[in-house]
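A quick write-up on the structure given underneath.
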Amino acid sequence: LFKNIDNLISPKTKLNVVTADGKLRCFVGDNDAGVKKIAKTDLKKKTIKKQKTKSLKESSVLKRNYWIEFWDETTEQWICVDPWTKEVDRPETIEKLVTLPIHYVIAVDNDFGVRDVTARYASKYLYSEVRHLRVDQKWWDATLKLFRSKKRSRNRLEDVAIHDRLMSQPMPLNISDFKSHPLYVLKKDLLKFEAIYPPDQPPIGKVRNVEVYPRSCVYHLDGAANWIKKARSIKPGEEPYKIVKARPDIRIPKDERPTDKTLGLYGYWQTEPFVPPKVINGRIPRNEHGNLYLYKRSMLPEGCAYLQLDGIYGVARRLGFECVPCVVGWEFHKNGNHPIIDGCAVLEKDEAKLREAWSQEFEKKALRARQVCP
DNA sequence: TTATGAAATTGCTACGAGTTT
DNA sequence: AAACTCGTAGCAATTTCATAA
């Protein structure tokens, strides 16, 4: 059993060495869940020589979790340099002498700009076995953003380099490695609300005789009622792209719920921007529950104004103005899902009068409140 | 003592078949 | 024949999501 000598050097020492190094970049490899370790490069070179002559047995080869990259001004890319093996520009050789599995490879440049470059070094970066070892990627990205280098164009170039590298990696060889793979998908792994589009998308390969499709062709589908929440409606004449089993209505007692209820799902390409219903003869259109869906402001019918004033509905009713409560979302209470009503749609021509009436009402109320508790 | 309830999804393990050493 | 690899089924834990009192 070999202790990794890299891990015994204090962080302070290391950082000083690196900053004095000019263009050099120091790596902090981390395979023991969250503990960052820092080492001094000079020491590495000496120890590996000793180690190599000692034994070739896998278990006794001393691992190194640190190496260097430098920024090449002419090709505008980071070049990997391994002081232990003297390999230059061969990032794929790093993995052989690293304590596996790799969780993170983090680069720190001489201005203390930090970047996750795991993709460049971990051949299994896109596989679930590595993904499972890492924290939520969104959180990680947001956190690293705080320490990102200020060199914009260099960052962009590296984004492209890493992207290209990932895209050039060979496909996994096992069926199970395709599950939630970021680049590929198998039809059997599609989720309930997912589908491949276009329908005639050809597979881009095969694994063990199963067709592989690009993940970029996977689209999220929704039922008509959910598309409306995004201010989109199904284009006339569109057929559901996929039909799935509908959720049971939990308000109906378990006994006999229709078991065969289905839900038609549509893709974005089958929808168009929601066109608000028209005002007819000074009547604002209402749905079967007497109100108006207003998930987005663009859903307000032409010739209407939206008044988000507490109690405006009562005021308008009393004065005989046209006024329709607006559904802006849904909420779960008691034993069901219920609309969130916020504000009302009124006719544009009534807006000023209603605002005025509402203020007066408000004044009255305020006055009364002041009288009750001065 | 602020939320329903079941389906969907994810994570994990055990098992069996097929392969390698 | 033992050790390994892979895919799946089956189970547990966790997350998601429906639609008008």
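Order of the sequence lines sets the chain letters (A, B, ...), proteins ahead of strands, with each chain counted from 1.
Pairing of B/dG11, defined by two Watson-Crick or G-U wobble distances under 3.5 Å, is identified with C/dC11. Using N1 to N3 plus N6-O4 or O6-N4 for Watson-Crick, or N1-O2 and O6-N3 for G-U wobble, each under 3.5 Å, C/dA21 pairs with nothing. Of all nucleotides present, only B/dT20 satisfies the Watson-Crick or G-U wobble test against C/dA2, with each distance under 3.5 Å.
Comparing B/dT2 with B/dA6, their P atoms are spaced 22 Å from each other, to the whole Å. Comparing B/dA3 with C/dT16, their C1' atoms are spaced 14 Å from each other, to the whole Å.
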Next on the checklist: Using side chain to side chain contact (heavy atoms under 4.5 Å, CB included), reason through A/R355 and A/L307 one step at a time and then give a plain yes or no.
Outcome noted: CA-CA 8 Å; A/R355 279 189 190 278; A/L307 291 183; 3.4 Å; yes

Next on the checklist: If you apply the rule ring-ring contact (aromatic ring centres under 6.0 Å, His included), what do you find for A/Y266 with A/W227, and how did you get there?
Outcome noted: CA-CA 9 Å; A/Y266 301 84; A/W227 275 117; 8.7 Å; no

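Per the geometry, CD1 belonging to A/I252 stands 13 Å off P belonging to C/dA21, to the nearest Å. At whole-Å resolution of the value, CD in A/E331 and C1' in B/dA3 are 10 Å apart. Separating the CD1 atom of A/I228 from the P atom of C/dA18 is a distance of 14 Å, rounded to the nearest angstrom. Distance CD (A/E129) to C1' (B/dC12): 16 Å, rounded to an integer number of Å. For the pair A/F332 CZ and B/dG5 C1', the computed distance is 8 Å after rounding to whole Å. The distance between atom NE2 of A/H220 and atom C1' of C/dT16, rounded to the nearest whole Å, is 11 Å. What separates CD1 of A/I250 from P of B/dT4 is a distance of 9 Å, to the nearest Å. Rounded to an integer number of Å, the gap from A/L263 CG to B/dA7 C1' is 13 Å.
Both geometric conditions, a ring-centre gap below 5.5 Å and a plane tilt below 30°, are fulfilled for A/H338 over the base of C/dA21.
By the 4.0 Å N-to-carboxylate-O rule, A/R115 lies close enough to A/D159 to be salt-bridged with it.
Looking at heavy-atom distances under 4.0 Å, A/P339 makes contact with a base. Within the 4.0 angstrom heavy-atom criterion, base atoms lie near A/K229. Across all strands, A/F178 comes closer than 4.0 Å to no nucleic acid atom at all (heavy-atom distances). No contact: A/D249 has no heavy atom under 4.0 Å from any strand. Nucleic acid contact for A/D177: none, since no nucleic acid atom lies under 4.0 Å from a heavy atom of the residue.
Nearest nucleotide to the A/K192 side chain, out of C/dG7, C/dA18, B/dT9: B/dT9. Nearest nucleotide to the A/N226 side chain, out of C/dA18, B/dT9, C/dG7: C/dA18. Between B/dA6, B/dT10, C/dG7, one nucleotide has an atom nearer to the side chain of A/R208 than all others, and that is C/dG7. Set against B/dT10, B/dA3, B/dA8, the side chain of A/L191 has B/dT10 as its closest nucleotide. Distance from the side chain of A/N337 is smallest to C/dA18 among C/dT8, C/dA18, B/dA6.
Inter-residue side-chain proximity for A/R134 and A/T118 is flagged as met; some heavy-atom pair is nearer than 4.5 Å.
For the residue pair A/E87 and A/T93, no side-chain donor N or O sits within less than 3.5 Å of a side-chain acceptor on the partner.
In summary, of the residues considered (A/V185, A/L265, A/V218), a side-chain contact (heavy atoms from CB on, under 4.5 Å) with A/E194 occurs for A/V218 alone.
Between A/S176 and the phosphate of C/dC6, there is no side-chain N or O to OP1/OP2 separation shorter than 4.0 Å.
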